[in-house]
Engineer: 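Mind having a look at this structure? Questions to follow.
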Amino acid sequence: MSPEHQQEQKRVDSVMGAITGEINRLEEETAKRKDEVVHIRKHFWDEVKVNTETFDDYLETIIGLRQEAQALSVNISSHKHASKRLATLRRMRENPYFGRIDFIEEGDSTKEQIYIGISSLSDATGENFLIYDWRAPISSVYYDFQPGLAKYETPGGQVKGILVKKWQYLIRDGVLQSMFDTSLTIGDEILQQVLGKGTDKQMHNIVATIQQEQNRIIRHDKGRLLIVHGAAGSGKTSAALQRIAYLLYKYRDRLNADQIILFSPNSMFSSYVSNVLPELGEENMQQVTFQEYLDHRLSEEFQVENPYEQLEYVLTAANSPSYKSRLASIRFKASTRFFEAIQSYRKSLELSGMLFKDIPFRGKPIVTAQQIAERFYSHDTSLRFHNRLEKLKDWLMEKIAEAQRLESTKPWVQEEIELLSNAAYYKAHVYLAEKRGFKRESIKDYEMEPKALARLMVHQKLKPLRKRVRSFRFIDLKGIYKQLFADPLKIKQWREGEIPDDWAVICQSTLKMLDEDKLFYEDATPFLLLKEQILGFQTNSSIKHIVVDEAQDYSPFQFEFLKRLFPAARMTVLGDFNQAIFAHANERVDFDTLTNLYGPDETDLINLARSYRSTKPIIEFTRRLVPNGEKIIPFERNGAQPEMKQVIDHAELHSCIAAKATELRSLGFKSIAIICKSAEESKSAYESLGSIGELKLLKSSSIEYEQGVVVVPSYLSKGIEFDAVIIYDASEHVYGDESLRRVFYTACTRAMHYLQLYSVGKPSQFLQNVLREGFIHA
């Protein structure tokens, strides 16, 4: 061991001692705070003298309650803060820091050594930093500069200086295993070690291996929209999660985790990334899928197709007579053209076209749909659209009140009263007595008037109607949406320019679904937008930042909707158009349309070209599967060349896959994915591969990403990585259509260390060039 290594180990020992001391102190503090919280909760009312006889007594009681509640709140907050810090320190005990810079600030001659870890740590005096948080302004020098002139931004302005040296450390459980003096952002030795490991059930933080281009994403802090376009395995998601941690650190006085939402592709992916922020000592942000939001808003009215059902249709129903028109429908309804048509249609409803429902009571309408429409288009027409609806609602409430007065004198009311149980009669008696000002003890003195009881009976019967009117359920929203498709020629009133050739067929199939109270996935967001524009948009201004992962799977329509839904939020979107596997994305090859969302002045685009997930031989193979693949730069990590084996039939295929899975397990691979094109193919493969022990089938409903050997459809594997990937059937029969190129590419790029492809019969056209050029071993 070199003298320098020994000296650094002494510093590690010293820092470990400081961490242990702080842990011991906080363990005592958290235990004490916990006891105090328990005590206050247990004896809360013992400490408060409740007396309400006079105003002064009442005031004293209120003050006492407030003081006890405040003491409880302070103790809970202190306990939470100490517990959070304690969890961070325990993680730091495993790896206290990973980097160091020797920096001389401009105008100073003294070299300062800055050690960098997942969180800051001071010495016993509190005046000197032993470790700087990786998000601290000066830490950016570590990620952004090579030795020489360097600078970093602080709230007080820019600081310049000279970066003398940059060190990287590999510390495990207090032992300095290795250290490197490097002029790179991150030494290949450490990155090789990190990338060479097997996968885990969950994604981990990358603070020790952040690259310069990833650091740009993490610390980006201007404009409303940041678009990150990166190759498969370029670290888009990892960088975005570290970005959230950075924003929570920088704006900790005005931003918390509850004000950030991550839109994930599926629940399994949400589980996969859920560990990153807690590892960095931050609370997890809210996670949701766009489908979950749609279900939340629409499931009471419709059975909504989910995106994977839509995609399954696209991948498996090519021989269906309606296939061509369905694809055209998906693409058109996902476009900004249709978004504009919906807006134009809503505007036209100010003059005509609003549909309403009768307000019925006891089999007869209090007000008919026609009467409501006549009222809407003849009164208050100078007001704004939503204000007109408010006025209409008030008018309907008056009509219900009139009906209540009329109905209370009718014979049916007396019949209902006679049928009342003793308990119901007594309840009505108490209610009316209290309404007249009688106190509990004198309720028996109240003589209930028959007319008052009759009015109460009718009032209760009309309660559901009033609730319906208050929530605008007298508007026929489904009927209004159906009008868009009732006459195929009418679309030209609301949409100038090109419409699909199969528009009449699209209208027919859409109407059929609506009549069955169902919505195609491509109709869900347009219907919700129209509903919001009629009733008033339900915006959420408390959300300050949203992150959209796998953004290439979102339509322009959905992005416009998100912009309106979260008007106060900044947005980070991550995507790769080489993985754009949904039908609406087939015609789009970049994020140009997104630039229009907030305008070019509020939008920044960062491209990540280098791919880290896979070995160099795997990337050399996968980048030849897509157009412009030469722009993808592989990280220099050696490994086995991808292999392709052609088999005669499915019996041989299943025998080969079972043997290969056993072999890969014996080589120590913990996560092995057998990736199929669709859920239909996955189910068949799973049933045929029963000889593989503990085989799991991943479905769109799967909550957690699991290790071991799994069978998974291509589209559910997105965003996740596996030690080894087996492509179930890469034949021309399965992957023969050009529209499946991105699906095939996505499946192949899930592999970190090993990629095996099988083909029942002739291999896919996508493989012809790579086979000829020798980038895959056959």
Side-chain angles (χ1 to χ4, degrees), residues 199-203 237 262-274 287-296 299 303-318 330 518-522 524 549-550 553-554 579 581-583 650 653-654 657-658 661 670-730 734-735 740 742-744 746-751:
T199 59
D200 201 344
K201 274 186 70 173
Q202 293 179 307
M203 180 184 283
T237 303
L262 168 63
F263 279 89
S264 300
N266 53 58
S267 299
M268 191 167 62
F269 179 86
S270 297
S271 165
Y272 181 58
V273 302
S274 64
Q287 291 192 60
V288 69
T289 67
F290 196 80
Q291 179 65 27
E292 285 169 343
Y293 177 75
L294 292 176
D295 285 340
H296 169 66
S299 59
Q303 181 184 329
V304 184
E305 179 189 48
N306 71 49
Y308 297 120
E309 289 170 335
Q310 183 200 74
L311 188 53
E312 192 68 17
Y313 175 88
V314 171
L315 293 176
T316 61
I330 291 169
K518 295 177 182 176
L519 277 179
F520 284 127
Y521 181 66
E522 61 268 25
D549 207 349
E550 302 294 348
D553 295 341
Y554 287 69
Q579 298 180 66
I581 61 176
F582 281 84
H650 281 83
L653 172 69
H654 299 141
I657 289 177
K670 292 181 180 177
S671 65
I672 302 160
I674 301 164
I675 301 183
C676 302
K677 182 178 82 170
S678 63
E680 184 181 282
E681 188 181 62
S682 294
K683 185 173 182 290
S684 174
Y686 176 72
E687 290 170 352
S688 302
L689 290 168
S691 61
I692 300 175
E694 298 179 7
L695 183 68
K696 303 178 187 80
L697 175 63
L698 299 185
K699 305 175 184 178
S700 59
S701 57
S702 297
I703 302 299
E704 238 181 72
Y705 162 62
E706 298 187 62
Q707 289 195 290
V709 184
V710 299
V711 180
V712 58
S714 56
Y715 49 81
L716 283 184
S717 68
K718 292 180 69 172
I720 299 175
E721 52 196 27
F722 304 90
D723 291 335
V725 164
I726 297 170
I727 302 298
Y728 178 72
D729 185 0
V734 176
Y735 290 102
L740 296 170
R742 291 169 181 159
V743 175
F744 188 69
T746 300
C748 292
T749 55
R750 301 305 96 200

Engineer: Shortest non-hydrogen contact from Thr746 to Ser714?
Structural biologist: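 Looking at all heavy atoms of both residues, the closest pair is CG2-O, 4.5 Å.
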Engineer: Is the backbone N or O of Glu292 less than 3.5 Å from a side-chain atom of His296, with the two atoms forming a donor-acceptor pair by type?
Structural biologist: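 It does not hold such a pair.
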Engineer: Does the side chain of Ile674 come within less than 4.5 Å of Ile692's, by heavy atoms?
Structural biologist: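 In short, these two side chains touch, coming nearer than 4.5 Å.
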Engineer: Begin from the C-alpha positions of Phe263 and Asp549 and carry the test side-chain contact (heavy atoms from CB on, under 4.5 Å) through to its verdict.
Structural biologist: CA-CA 6 Å; Phe263 279 89; Asp549 207 349; over 6 Å; no
Engineer: Under a 3.5 Å distance rule, please check whether Thr289 uses its side chain to pair with a backbone N or O of Ser264 as donor and acceptor.
Structural biologist: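 Checking the backbone N and O of Ser264 against the side chain of Thr289, no donor-acceptor pair under 3.5 Å is found.
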Engineer: Lys677 and Leu315: which non-hydrogen atoms are nearest, and at how many Å?
Structural biologist: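 Taking Lys677 first and Leu315 second, the nearest heavy atoms are NZ-O, 3.1 Å.
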Engineer: To the nearest 0.5 Å, what is the distance between NE2 on His650 and CD1 on Ile657?
Structural biologist: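 Those atoms lie 9.0 Å apart.
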Engineer: CD of Glu312 to OG of Ser682: how many Å apart, nearest 0.5 Å?
Structural biologist: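 So the CD of Glu312 and the OG of Ser682 are separated by 8.0 Å.
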Engineer: How close do Ala730 and Tyr735 get, counting heavy atoms only, and between which atoms?
Structural biologist: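 Looking at all heavy atoms of both residues, the shortest contact is CA-CD1, 3.9 Å.
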Engineer: Indicate yes or no: at least one non-hydrogen side-chain atom of Val314 is less than 4.5 angstrom from one of Ile330.
Structural biologist: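 Yes. Closest side-chain heavy atoms under 4.5 Å.
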Engineer: Determine the minimum heavy-atom distance between Leu695 and Val711, stating which atoms define it.
Structural biologist: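 Smallest interatomic distance, heavy atoms only, reads CD1-CG2, 3.8 Å.
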Engineer: State, yes or no, whether a side-chain contact exists between Tyr686 and Cys676 at a heavy-atom distance under 4.5 Å.
Structural biologist: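 No; the side chains remain at least 4.5 Å from each other.
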Engineer: Take Lys518 and Glu305, measure what side-chain contact (heavy atoms from CB on, under 4.5 Å) needs, and give me the verdict at the end.
Structural biologist: CA-CA 8 Å; Lys518 295 177 182 176; Glu305 179 189 48; over 6 Å; no
Engineer: Drop me the distance from Phe744's CZ to Ile727's CD1, to the nearest 0.5 angstrom.
Structural biologist: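 With rounding to 0.5 Å, CZ (Phe744) is 6.0 Å from CD1 (Ile727).
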Engineer: Gln579 vs Glu550, test: side chain to side chain donor-acceptor pair (under 3.5 Å). Steps then yes/no.
Structural biologist: CA-CA 8 Å; Gln579 298 180 66; Glu550 302 294 348; 5.3 Å; no
Engineer: Got a second to check how far Leu697's CG is from Glu687's CD, nearest 0.5 Å?
Structural biologist: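 Reported to 0.5 Å precision, the distance equals 8.5 Å.
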Engineer: Which heavy atom in Leu294 sits nearest to a heavy atom in Ala524, and how many Å separate them?
Structural biologist: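 That closest heavy-atom pairing would be CD1-CB, 3.8 Å.
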Engineer: Is the shortest side-chain heavy-atom distance between Val304 and Gln291 below 4.5 Å?
Structural biologist: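 The answer is yes, as the side chains (C-beta and beyond) meet within the 4.5 Å cut-off.
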Engineer: Any side-chain heavy-atom pair from Tyr715 and Asp553 closer than 4.5 angstrom?
Structural biologist: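 Result no, sub-4.5 Å side-chain heavy-atom pair not found.
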Engineer: If you round to the nearest 0.5 Å, how far is CZ of Phe722 from CD1 of Ile672?
Structural biologist: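 So the gap between those two atoms works out to 11.0 Å.
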Engineer: Hey, what's the ring geometry for Tyr554 with Phe290, parallel, tilted or perpendicular (30° and 60° as the breaks)?
Structural biologist: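 Aromatic pair Tyr554/Phe290 classed perpendicular.
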Engineer: Measure the spacing between OG of Ser691 and NE2 of His654 and express it to the nearest 0.5 Å.
Structural biologist: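 Going from the OG atom of Ser691 to the NE2 atom of His654 covers 9.5 Å.
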Engineer: Does NZ in Lys696 sit with more than 12 non-hydrogen atoms of other residues, nucleotides or ligands closer than 6.0 Å?
Structural biologist: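 Above 12, so yes.
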Engineer: Might you point out which heavy atoms bring Ile675 and Arg750 nearest each other, and give the distance in Å?
Structural biologist: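 Minimum heavy-atom separation between Ile675 and Arg750: CD1-CG, 3.7 Å.
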Engineer: Is there side-chain contact between Tyr728 and Leu653, with heavy atoms separated by less than 4.5 Å?
Structural biologist: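 Result yes, sub-4.5 Å side-chain heavy-atom pair found.
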